[in-house]
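A quick note: this is a predicted structure, and the numbers were derived from the prediction, not measured.
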Amino acid sequence: MNANNAGDQKHNNFIPRRFGQPIPVELLESIPDCFEYTGEDLFWSDEQMHDCILMLIGNIGLQRFVQILPSHSREELMCILDEE
């Protein structure tokens, strides 16, 4: 399994789409109730962070996510997508 598909196994029914969608209870339950901040990073496992990011973006939708990004971040995202 490659890194791009790593998160697809656990919550493959919840894929961020153009418009927001309700958060599945099982996904919400997989997110820690609290976390530790080390001064630089949140102390979560990669899987928990991945789930949380996808949950938040999926809940607001990709379109809204792109709209709220600062313009510089949007430009960087476009460069990344062009490279793919």
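Contact check for Leu54 versus His50: side-chain heavy atoms found under the 4.5 Å cut-off. For the pair Ile31 and Met55, the minimum side-chain heavy-atom distance is below 4.5 Å. When side chains are defined from C-beta on, Arg64 does not count as touching Phe19, because their heavy atoms never get closer than 4.5 Å. Side chains of Ser45 and Gln48 form a contact here, defined as non-hydrogen atoms less than 4.5 Å apart.
One finds the SG atom of Cys79 at 12.5 Å from the CD atom of Glu84 (value rounded to the nearest 0.5 Å). Here CG of Leu28 is found 6.0 Å from CD1 of Ile23. Values are rounded to the nearest 0.5 Å. Ile60 CD1 to Phe65 CZ: the interatomic distance, rounded to the nearest 0.5 Å, is 7.0 Å.
A continuous path of Ile, Leu, Val, Met, Phe, Trp and Tyr side chains, each step under 4.5 Å between heavy atoms, connects Leu81 with Ile53, placing both in one hydrophobic cluster. By the rule that hydrophobic residues join a cluster once side-chain heavy atoms approach within less than 4.5 Å of another member, Val66 and Met78 end up as members of separate clusters.
The heavy-atom pair separating Arg74 from Gln67 by the smallest distance is NH2-O, 3.9 Å. Pairing each heavy atom of Phe14 with each of Pro24, the nearest pair is CD1-CD, 3.2 Å.
Enclosure of atom CG in Asp82 by more than 12 non-hydrogen atoms of other residues, nucleotides or ligands within 6.0 angstrom is indicated. Crowding of Arg18 atom CZ: a count of heavy atoms from other residues, nucleotides or ligands under 6.0 Å not exceeding 12.
A donor-acceptor pair under 3.5 Å is formed between the side chain of Asn59 and the backbone N or O of Gln21.
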